[in-house]
Participant: 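Quick one: the structure is below, questions incoming.
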Amino acid sequence: MRRRSRSLRAARSLGADARVRALLDWFPDHRRPLPWRRRRTPYRVWVSEVMLQQTRVAQAVPYFERFLRRFPSLRVLAAASEEQVLKVWEGAGYYARARNLHRAARQLVREQGGRIPRRSAELRKLPGVGPYIAAAVASLAYGEPILALDSNGRRVLARWTLERSDPSSARFSRRLERWAVRHVPPERLGEFNEALMELGETLCRPTGPQCAVCPAASACRARQELPDPGAIPSRRRRGPKPLVVGAVTAIERRGRWLVLRRPSAGLLGGLWEFPGGKLEPGESPEAAGRRELREETGLTVGVLEPVATVRHEYSHFRVALHLFRSRSPRGRLRVRGRRHRWVGMRELRRLPLPRATLKMIPFLRPARDPGRVSRG
DNA sequence: TAACCGTGGTG
DNA sequence: TCACCAAGGTT
C-alpha cells in the first residue's frame, strides 16, 4: 500500500523539479510523529506554529502538550485570563507570542463565533500572525495552495539553487519564493511546506548538512558545486551580547514577598518580578538595590542582606542580578503604574515568572544556610 | 531595514 | 566560556 501511494504521489508531480519530486517522495517515510501532527485541527496547527517560532521542536513539544491539556480549544483559551496563559507559557520565552495568541482567540470568539479563518489573508490580520504562520495554518490545516517558507525552507532552497544573496535581505526571500512557486505543483504546496521544513531540520541543517543521506543531493547545486554546502546561506556573525548589571531586592514581611507586575508591552511583558533595576555608573549593587526599591515602591531600607548573584541571558543582552533581601522596610508602600502583590512562596509559584526570577527563588527559602552566596 | 523579543541545546 | 541559532512577528 505504502509503495503504491508513494509512486502515485510521485507520478502526479512528474512535471516538478527533480529535487521537489525527491523531497515529496522522501517525506512520507521520514515524517516524525510530532504531537501537532496527530489530529490536525486548525487550532492545534496554529498553537504549534506559534510555539515553534524561534524555538526548537524538542523544546516546544512539552509546552504544546501542556498548553493543549490546559486550553484544549479556542474557546477555552479565550475564556482564560492572560495571567493563566502566561503561566502555562512560563519558561518558553518570547511572551508576546502568548499574549498575542490569547488576544487573537478572544477576538475570534467575540467577532467570528470562535471560528478560525480559513484563508491566509484573513489569518494574517490576527495579532501575532505574520506571513509565515498565516500561510502555514492555511496550507496545513485547510489545504490552501500557498507557500509557507520559514528559515529552514529558505536555507534548503538557497542550497538547492545556490542563492548567494544576503539572507537578511528581502531579495533573498523573494527569489526563493519565486523559485518554489514556479517549481512546485500548487496542489502539492501543503506537503512541500512541511517536507521542506522536515528536511531542513533533520538533514539540511545550518552546519554539517547530511548530504550523504539527502534525497535531493544529486540535484542540489550547493552539494554539487561547493566544497562545503553548509556555507550557504552565509551566516552573519553577531557581536557579543552586552552585560547589564542590576540589583534586585526581595522584601519579606510576615512570610510574604513583594512582587511587581511588568508592563504588558516589551521585555517579559505581564510577568511578575521582585523590585529592582540597573546599576547607575559608579553605583554599588547595594545602593542600586536601595534606590530602585525606593523609586519603585516608596519603601526605604537600611543595610541590605546580599543573597546571591543570578546570571541570565536574554535575546540580545546578558544580566548579572545582585539579589538582596530585607525584612525591615520603612515607609508607606506606593507603587505607581504597575500592579503589586504580597505573596507567600506557594502563591508566588502560581504567578507567571521570568526565568531569572525562578532562579532566585531557591535562595529565598527559609534560611538553613544563612549568608550563603552563589558563586560568581 | 534593523532592532527588539527568551530560552535552551550545542560544538 | 562563547557564539550560534531554532517552524518569526512587531515596531
Side-chain angles (χ1 to χ4, degrees), chain A residues 31-32 34-37 44-64 86 89-101 103-104 123-137 139-141 147-156 166-174 190 192-202 204-208 230 233-243 262-271 273 311-320 352-359 375-376:
Chain A
R31 190 176 188 270
R32 290 170 298 172
L34 301 172
W36 41 87
R37 288 177 173 167
R44 289 168 64 87
V45 172
W46 183 11
V47 172
S48 72
E49 291 299 344
V50 173
M51 270 185 187
L52 286 162
Q53 199 178 316
Q54 303 297 104
T55 305
R56 291 173 196 284
V57 166
Q59 192 184 344
V61 166
Y63 281 97
F64 179 83
L86 285 173
W89 208 270
E90 178 187 271
Y94 285 135
Y95 299 94
R97 298 182 297 173
R99 296 194 305 272
N100 285 333
L101 187 57
R103 271 207 298 150
L123 288 160
R124 179 69 183 80
K125 297 174 183 171
L126 297 168
V129 178
Y132 167 74
I133 291 183
V137 173
S139 71
L140 298 180
L147 178 72
L149 201 56
D150 68 339
S151 61
N152 269 323
R154 282 194 292 274
R155 180 175 64 252
V156 176
D166 175 4
S168 64
S169 68
R171 169 191 169 87
F172 177 79
S173 299
R174 203 169 47 239
F192 177 80
N193 291 338
E194 214 181 350
L196 198 64
M197 287 186 257
E198 196 82 352
L199 185 70
E201 192 183 327
T202 59
C204 199
R205 296 186 302 234
T207 60
S234 63
R235 287 176 287 278
R236 66 184 159 115
R237 53 179 114 263
R238 289 170 281 228
K241 292 179 181 179
L243 176 66
R262 293 181 62 92
S264 299
L267 183 71
L268 307 171
L271 277 60
E273 64 183 9
R311 295 173 187 283
H312 193 66
E313 197 160 319
Y314 294 98
S315 51
H316 54 294
F317 64 95
R318 299 174 295 140
V319 288
L353 306 174
R355 208 37 122 196
T357 301
L358 288 170
K359 288 183 183 176
R375 291 182 298 274

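Each chain gets a letter, A, B and so on, in the order its sequence line appears, and its residues count up from 1. The analysis underlying the following values was restricted to heavy atoms, covering all of them including side chains, and did not include hydrogens, waters or symmetry mates. The model shown is predicted, which means the values in this text are computed figures rather than measured ones.
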Participant: State, with a plain yes or no, whether a side-chain heavy atom of A:I133 is found less than 4.5 Å away from one of A:V50.
Facilitator: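 A side-chain contact under 4.5 Å exists here.
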Participant: How many whole angstroms separate atom CD of A:E49 from atom C1' of C:dG9?
Facilitator: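 After rounding, the reported distance stands at 13 Å.
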Participant: In B/S/- notation, 5' to 3', how is nucleotides 3-11 of chain B contacted by protein heavy atoms closer than 4.0 Å?
Facilitator: -SBBBBB--
Participant: Could you work out the separation of B:dG6 and C:dT11 based on their P atoms and round it to a whole Å?
Facilitator: 14 Å
Participant: Output the rounded distance in Å from CG (A:L126) to P (C:dG8).
Facilitator: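 The answer, rounded to whole Å, is 18 Å.
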Participant: Could you give the CD-to-P distance, from A:E201 to C:dC4, as a whole number of Å?
Facilitator: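 The answer, rounded to whole Å, is 20 Å.
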Participant: Taking CZ from A:F172 and C1' from B:dT1, how many angstroms apart are they, rounded to a whole number?
Facilitator: 16 Å
Participant: Checking the side chain of A:R262 only, and the main-chain atoms of A:L267 only, is there a donor and an acceptor separated by less than 3.5 Å?
Facilitator: yes
Participant: Select base, sugar-phosphate, or nothing to describe what A:L196 touches, counting heavy atoms under 4.0 Å on all strands.
Facilitator: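 Here A:L196 touches no strand at all.
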Participant: Determine whether A:W36 and A:L52 make a side-chain contact, defined as any pair of heavy atoms from C-beta on separated by less than 4.5 Å.
Facilitator: yes
Participant: For the residue pair A:Y132 and A:Q53, confirm or rule out a side-chain donor-acceptor distance under 3.5 Å.
Facilitator: no
Participant: Pick base, sugar-phosphate or nothing for A:W46, based on heavy-atom distances below 4.0 Å to the nucleic acid.
Facilitator: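 Nothing, no nucleic acid heavy atom in range.
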Participant: Calculate the interatomic distance between A:K125 atom NZ and C:dT10 atom C1'; express it in whole Å.
Facilitator: 18 Å
Participant: So what does A:S151 touch, heavy atoms closer than 4.0 Å: a base, only the sugar-phosphate, or nothing?
Facilitator: sugar-phosphate
Participant: Between B:dC5 and C:dC2, how many Å separate the two P atoms, rounded to a whole number?
Facilitator: 22 Å
Participant: Quick one: on DNA chain C, does A:V129 or A:S48 contact a more 5' nucleotide (nearest heavy atom)?
Facilitator: A:S48
Participant: If I take atom CG in residue A:D166 and atom C1' in nucleotide B:dA2, what distance separates them, rounded to the nearest angstrom?
Facilitator: 12 Å
Participant: Figure out the CG/P separation between A:L101 and C:dT10, and round it to whole Å.
Facilitator: 12 Å
Participant: Tell me, please, which residues at least two apart from A:E90 pass salt bridge (charged side-chain N to carboxylate O under 4.0 Å, His left out).
Facilitator: A:K87
Participant: Do side-chain atoms of A:R318 reach the backbone of A:R311 as a donor and acceptor pair under 3.5 angstrom?
Facilitator: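 Absent.
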Participant: Touch check for A:T207, heavy atoms < 4.0 angstrom, all strands: base, sugar-phosphate only, or nothing?
Facilitator: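 A:T207: no heavy atom of the nucleic acid under 4.0 Å.
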Participant: Could you check how far CZ of A:R318 sits from C1' of C:dC4, rounded to whole Å?
Facilitator: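 Distance check: A:R318 CZ to C:dC4 C1' gives 15 Å.
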Participant: For A:H316 and A:Y314, I'd like to know if the aromatic rings sit close, meaning centre-to-centre distance below 6.0 Å.
Facilitator: no
